[in-house]
Amino acid sequence: MYNFQENEQKWQRAWKEASVYGCDPTQNRTSSCIYVLEMFPYPSGRIHMGHVRNYAIGDALARFKKAQGCAVLHPMGWDAFGLPAENAALERHTHPRDWTYANIDAMRAQLAVLGLSYDWHQEIATCHPAYYRQEQKLFLQFLKQGLVYRKRATVNWDPVESCVLANEQVIDGKGWRSGALVERRELDQWFFKITDFAEDLLEGLDNLPGWPNKVRLMQKNWIGRSQGLTLFLRVEGESEPLSLFSTRPETIFGASFIAIAPQHPLAKKLAEKNKDLNAFLQDCSRISTITADLETMEKQGFATGISVYHPFLEGKTLPLYVANFVLMTYGTGAIFGTPAHDVRDFAFAQKYNLPIVQVIQKEGETTLPYIEKEGIMVNSSFLDGKTVPEAFALLTKEAERLGVGKISTFTRLRDWGVSRQRYWGCPIPVIHCAQCGVVPVPEKDLPVLLPEDVSFDRSGNPLEWHPSWKNVSCPVCGQSAQRETETLDTFVDSSWYFLRFCSPRHESAPFAQEAVQRWMPVGYYIGGVEHAILHLLYARFFSRALRVCGYDVPEEPFTQLLTQGMVCHPAYQDTAGNWLFPEEVERKGAIYVKRADNTPVTVSRSEKMSKSKKNVVDPDKMVQTYGADAVRLFILSDTPMDRDLEWSEEGIEGCWRFVNRVWRLVEQYTKEYSPPKEENAAATEAFLRRIHPLLDQVTTLYAHVQFNRVIALLREGISVLYEAIEKQNIAEASLREAFRSWTIVMSPLMPHLAEEVWQALGEAPFVVTAAWPKSDPVYLVKESVDIAIQVNGKTRAVLSVAREAPQEEVTNAVLAVPHLSAILKGKTIERTVFVPQRILNFVLA
RNA sequence: GCCCGUGUGGCGGAAUGGUAGACGCAGUAGACUUAAAAUCUGCGAACUGUAAAGUUGUGGGGGUUCGAGUCCCUCCACGGGCACCA
């Protein structure tokens with residue numbers, strides 16, 4: 001049996017000693033430099049199967065590219081700031097830093113046993129001052145360029161703990177610890193101006209052919225660009241006109257009310273003189289910001305009693321409402337309501353008895369609200385009789401002519417709020433001075449280090465409670481001032497780490513320009529599809545922002561994006577409803593029982609591995625049982641990368657058997673096999689005609705990142721080699737060469753085994769540095785081909801004919817087959833379709 | 001509600017408009033073995049037939065084509081993203 005325990009450790013040591021995975025920093029940027037990157041992990045403490053899948057994919061690619069002669073940058077690091085460290089600190093009375101670094105060490109050790117081809121000299125952790133120092137520098141440059149600003153924004157406020165909560169800390173509208181009802185509160189916070197780039201980020205998606213369509217679409221929808229008309233309406237008693245945005249301005253003649261958001265400046269202004277309105281606004285603010293709650297919320301409005309003048313109908317007015325379903329964060333925070341053609345407006349009009357005037361009519365369509373854009377305008381003044389698109393064009397033109405409206409575009413995308421009222425993150429390097437306002441920390445004072453002596457025994461932000469840390473003197477006027485106590489969203493850390501990876505020890509700047517020139521953009525970026533929107537959009541924004549700051553970085557950081565599916569497993573429950581780990585369960589024929597007491601177990605359908613349902617498989621245990629090579633092989637076989645994968649005990653067993661099958665083959669060949677005394681030229685040629693096409697296909701499939709198919713062909717190749725040594729008539733040089741190339745071909749997937757085989761074949765170390773084998777075109781051309789014989793498109797037989805056989809020859813061959821000639825006998829052949837090497841179709845009359 | 005994706009044996013899945021089911025898992029028969037495990041060799045869509053062969057088959061219905069898993073229309077089921085976005 002193959003001794004994976006010993007071999008895997010042996011080769012991991014040998015690779016390390018020989019530094020086989022270092023990338024040569026002197027290499028110039030050519031097409032043969034490639035950057036392979038897997039999304040760096042959060043150091044939670046344990047590697048899970050999702051990580052294994054992610055890194056197995058990246059590693060196979062990195063090794064393949066290296067063998068093909070590319071210089072490969074394949075780094076690994078840690079997305080090390082974040083809330084879980086603070087929670088752990090609270091629970092276990094440790095320091096977030098200690099917890100994080102201990103986790104990093106544990107996970108690094110777990111990764112080591114998988115035999116991944118990282119160059120650990122490139123390692124970075126975002127919580128390291130050398131890293132966040134550069135991030136602070138970038139923040140200040142963004143600030144200087146006007147890409148960062150401060151604005152009042154709504155947060156989740158826990159009134160008992162008197163602190164801000166992250167969205168995930170709000171459960172059912174209540175604080176996770178206090179259980180108090182969460183309120184909306186307005187706080188001054190930092191924002192990145194991602195909306196400045198909305199248009200560019202949207203257009204850029206068209207230049208990303210290496211991204212899955214799905215991800216591009218998700219980003220497109222997230223940016224949510226829509227075109228329409230902004231109207232400026234006169235409001236009774238106000239000097240300023242009210243702006244409101246609509247994508248359906250042609251329905252204006254069906255409008256029966258105007259509504260503004262509770263946070264709208266006009267609403268606030270009116271509330272000063274109106275107690276009831278003020279109470280209504282208070283009510284609205286008591287509702288949390290969590291979207292799940294908004295869904296179920298009832299539409300409520302407050303009639304202000306104020307009139308708004310219709311822009312196109314002299315003397316007509318519309319009542320002004322403040323309504324909880326109007327969002328301040330989209331458009332202008334004000335709308336006109338057309339109940340007949342909008343679901344929400346319809347519900348609102350019904351509740352408050354407002355007129356419902358139909359302005360679009362489609363034959364056969366009588367139910368309201370009717371929201372489609374098909375039909376003819378009615379009750380609409382000068383728009384009557386027009387189609388909807390005509391009406392849109394006509395109305396916008398008229399609005400612009402009258403100066404009451406303007407064509408405009410709004411996006412759903414909002415600026416990126418980066419303020420976090422937390423300890424374990426990158427401190428925002430500014431100082432608040434009563435005299436000078438917001439003052440950037442001078443570069444010589446960077447980094448602004450996190451204070452070490454913090455306690456987590458009280459709620460809120462430890463930086464806020466620290467006795468001395470925030471008290472500083474103003475760098476401009478010298479008066480006493482206060483540090484910003486907010487830290488940056490951890491998504492900021494992960495928006496540029498791939499640039500830092502190009503030159504991780506660079507001191508004077510976030511990255512060395514020539515290193516970025518050499519490696520960027522990332523050739524293959526691999527990770528879960530759950531990052532399809534936020535992380536990837538932020539990273540794309542960062543690239544653009546950096547360019548504004550004068551850095552020469554590519555606009556799009558990731559050329560190829562590979563999104564992997566989840567790793568799934570059925571979940572088990574015993575009769576009492578307790579979740580059981582897979583190893584606690586045993587299969588007995590068609591049923592499953594609990595190992596401990598043989599009681600029956602219910603099995604759920606396969607779903608994402610999660611601790612709560614205990615349907616997890618520990619990578620360490622699998623590696624101990626079957627070896628890293630078998631685990632890596634299994635996680636890449638059978639299922640295409642972008643689909644969900646079901647982990648199965650049978651599957652990993654099968655891969656373990658294959659590892660042994662390969663090793664047995666090699667032992668037979670190197671120890672027992674003796675080359676034939678007389679080589680058979682025909683057999684050798686037949687052998688080569690099987691091996692070379694396989695090699696050719698397998699190379700293409702590697703390049704297309706279709707590892708499940710790579711593995712299928714790899715297995716076929718091994719079977720061909722088995723047959724060859726059994727027959728014992730293949731020319732030794734050819735056989736040896738085939739063994740050699742097949743070892744290289746398996747090495748990206750099973751590097752330890754490949755190395756062991758390589759050594760057994762008497763080759764010099766290491767297979768991981770060997771060049772990829774080339775297939776010989778001579779053996780790729782088939783001499784004879786199987787051609788399908790069809791009658792009326794239905795396949796009746798398959799005949800083997802010479803590759804260049806003309807139609808006549810094939811027809812003769814067909815007639816020579818009794819049952820085929822019987823079918824055709826006495827029938828009139830209307831036409832024949834002949835596709836050389838593929839098909840001959842007789843179309844009967 | 002809007003947008004997108006997927007649907008192929010018992011299972012995971014293959015298949016530039018041209019032989020549907022590669023490869024694996026599970027199954028099954030045989031070889032080796034005192035026996036088991038391991039290993040090796042077969043067999044496997046369904047139905048009819050001893051066989052040769054035939055019929056039906058890629059979620060349902062329709063269409064384009066000499067020929068459709070693949071392209072078009074429509075319906076159904078499942079999965080994902082967004083969601084009071086005006």
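The basis for the numbers below is simple: all heavy atoms, side chains too, and nothing from hydrogens, waters or symmetry mates. Protein chains get the first letters and strands the later ones, always in sequence-line order, with residue 1 at the start of each.
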> Hey, can you tell me if A/His569 and A/Tyr572 have their rings parallel, tilted or perpendicular (30° and 60° cut-offs)?
perpendicular
> When you measure from the side-chain N and O atoms of A/Arg796 to the phosphate of B/G54, is any distance below 4.0 Å, counting only OP1 and OP2?
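Result: yes.
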> Looking at A/Arg344, does any N or O in its side chain come under 4.0 Å of the phosphate oxygens OP1/OP2 on B/G1?
no
> Does a side-chain N or O from A/Asn324 land closer than 4.0 Å to OP1 or OP2 of B/C84, or not?
no
> What about A/Lys214, does its side chain sit under 3.5 Å from the base of B/C4 through a donor-acceptor pair?
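In this structure, the two groups form no donor-acceptor pair.
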> What nucleic acid atoms does A/Val343 come within less than 4.0 Å of, heavy atoms only: base, sugar-phosphate, or nothing?
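The residue A/Val343 makes no contact with any strand.
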> Please give the nucleotide sitting opposite B/U65 as a Watson-Crick or G-U wobble pair, both distances under 3.5 Å, or none.
none
> Heavy-atom nearest nucleotide on RNA chain B for A/Leu713 versus A/Glu372: which residue maps closer to 5'?
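Going by which nucleotide is closer to the 5' end, it is A/Glu372.
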> Parallel, tilted or perpendicular, judged at 30° and 60°: which one describes the rings of A/His535 and A/Phe491?
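Parallel: the ring planes of A/His535 and A/Phe491 meet at under 30°.
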> Can you tell me if A/Arg838 touches the phosphate of B/G67, counting only side-chain N or O atoms and a distance under 4.0 Å to OP1 or OP2?
no
> Please state how far atom CG in A/Asp642 lies from atom P in B/C4, giving the value in whole angstrom units.
18 Å
> Given that both distances must come in under 3.5 Å, which nucleotide forms a Watson-Crick or G-U wobble pair with B/C82?
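Looking at the geometry, B/C82 pairs with B/G1.
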> Rounded to the Å, how far apart are A/Leu233 CG and B/A86 C1'?
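For the pair A/Leu233 CG and B/A86 C1', the rounded distance is 14 Å.
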> Between the side chains of A/Glu372 and A/Lys362, is the shortest nitrogen-to-carboxylate-oxygen separation below 4.0 Å, so that they form an ion pair?
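No, this pair does not count.
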> Starting at atom CH2 of A/Trp211, determine the distance to atom P of B/C4, rounded to an integer number of angstrom.
20 Å
> Ignoring backbone atoms, test whether A/Lys220 places a side-chain nitrogen or oxygen under 4.0 Å from the OP1 or OP2 oxygen of B/C2.
no
> For B/G7, which nucleotide in any strand shown is its Watson-Crick or wobble partner with both distances under 3.5 Å?
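Matched B/G7 with B/C76 under the 3.5 Å cut-off.
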> Considering Watson-Crick and G-U wobble pairs with both distances under 3.5 Å, what does B/G57 pair with?
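Partner of B/G57: none found under 3.5 Å.
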> Give a yes/no answer on whether the side chain of A/Ser226 brings an N or O atom under 4.0 Å of OP1 or OP2 in B/A86.
yes
> When we call it a touch if two heavy atoms are under 4.0 Å apart, what does A/Leu217 touch: a base, just sugar-phosphate, or nothing?
sugar-phosphate
> Hunt down the Watson-Crick or G-U wobble partner of B/G17, both distances under 3.5 Å, from any strand shown, or write none.
none
> Provide, to the nearest angstrom, the distance between the CZ atom belonging to A/Phe658 and the P atom belonging to B/C25.
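Taking CZ of A/Phe658 and P of B/C25, I get 10 Å after rounding.
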> Using a 4.0 Å heavy-atom cut-off, does A/Asn660 contact any base of the nucleic acid, only the sugar-phosphate backbone, or nothing at all?
nothing
> Categorize A/Glu646 for me: base, sugar-phosphate, or nothing, with a 4.0 angstrom heavy-atom threshold over every strand shown.
nothing
> Could you tell me how far apart A/Arg412 (CZ) and B/G81 (P) are, to the nearest whole angstrom?
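These atoms are roughly 14 Å apart.
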> With a non-hydrogen cut-off below 4.0 angstrom, is A/Asp342 in contact with a base, only sugar-phosphate, or nothing?
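No contact.
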> Using the six-membered ring of A/Phe325, assess whether NZ or CZ of A/Lys299 lies under 6.0 Å from its centre and within 45 degrees of the ring axis.
yes
> Could you tell me how far apart A/Ile652 (CD1) and B/A26 (P) are, to the nearest whole angstrom?
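Atom-to-atom, A/Ile652 to B/A26, this comes out as 13 Å.
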> For A/Thr795 and B/A20, is the shortest distance between a side-chain N/O and OP1 or OP2 below 4.0 Å?
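For B/A20, OP1/OP2 do have a side-chain N/O of A/Thr795 under 4.0 Å.
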> Need one value for A/Ala788: base, sugar-phosphate or nothing, where a base atom within 4.0 Å counts as base even if backbone is also close, heavy atoms only.
sugar-phosphate
> Glycosidic conformation of B/G69, syn or anti, with 90° from 0 as the boundary?
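Anti conformation here, the glycosidic angle of B/G69 being more than 90° from 0.
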> Taking the inter-plane angle between the rings of A/Phe4 and A/Trp656 on a 0 to 90° scale, is it parallel (under 30°), tilted (30 to 60°) or perpendicular (over 60°)?
perpendicular
> Between A/Arg657 and B/C25, is there a side-chain N or O to OP1/OP2 distance below 4.0 Å?
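So the side chain of A/Arg657 is within the cut-off, an N or O lying under 4.0 Å from OP1 or OP2 of B/C25.
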> If you count the non-hydrogen atoms of other residues, nucleotides and ligands that lie under 6.0 Å from CD1 in A/Ile371, is the total more than 12?
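Counting neighbours around CD1 of A/Ile371, 12 or fewer heavy atoms of other residues, nucleotides or ligands fall under 6.0 Å, so no.
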> If you compare every side-chain N and O of A/Arg414 against the phosphate oxygens of B/C85 (OP1, OP2), does one of them come in below 4.0 Å?
no
> For B/C66, does either OP1 or OP2 sit under 4.0 Å from a side-chain N or O belonging to A/Arg831?
yes
> Whole angstroms only, please: what is the CG-P distance between A/Asp786 and B/A15?
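The distance from CG of A/Asp786 to P of B/A15 comes to 19 Å, rounded to the nearest Å.
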> Report the residue (A/Thr411 or A/Ile371) whose heavy-atom-nearest nucleotide on RNA chain B is the more 5′ of the two.
A/Ile371
> Once you apply the 3.5 Å cut-off to both distances, tell me the Watson-Crick or G-U wobble partner of B/G30, or none.
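Checking every strand shown, B/G30 finds its partner in B/C40, with both distances under 3.5 Å.
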> What I want to find out is whether A/Arg690 reaches A/Glu716 closely enough, with some N-O distance under 4.0 Å, to be called a salt bridge.
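Salt bridge flag = no for A/Glu716 with A/Arg690.
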> May I ask you to say what A/Ser246 touches in the nucleic acid, namely base, sugar-phosphate or nothing, with a heavy-atom cut-off under 4.0 Å?
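Contact class for A/Ser246: sugar-phosphate only.
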> Does A/Arg412 make a cation-pi contact with A/Tyr330, if we ask for NZ or CZ under 6.0 Å from the ring centre and within 45° of the axis?
no
> Which whole-number value in Å describes the distance from A/Ile718 CD1 to B/U39 P?
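Rounded to the whole Å, the gap is 16 Å.
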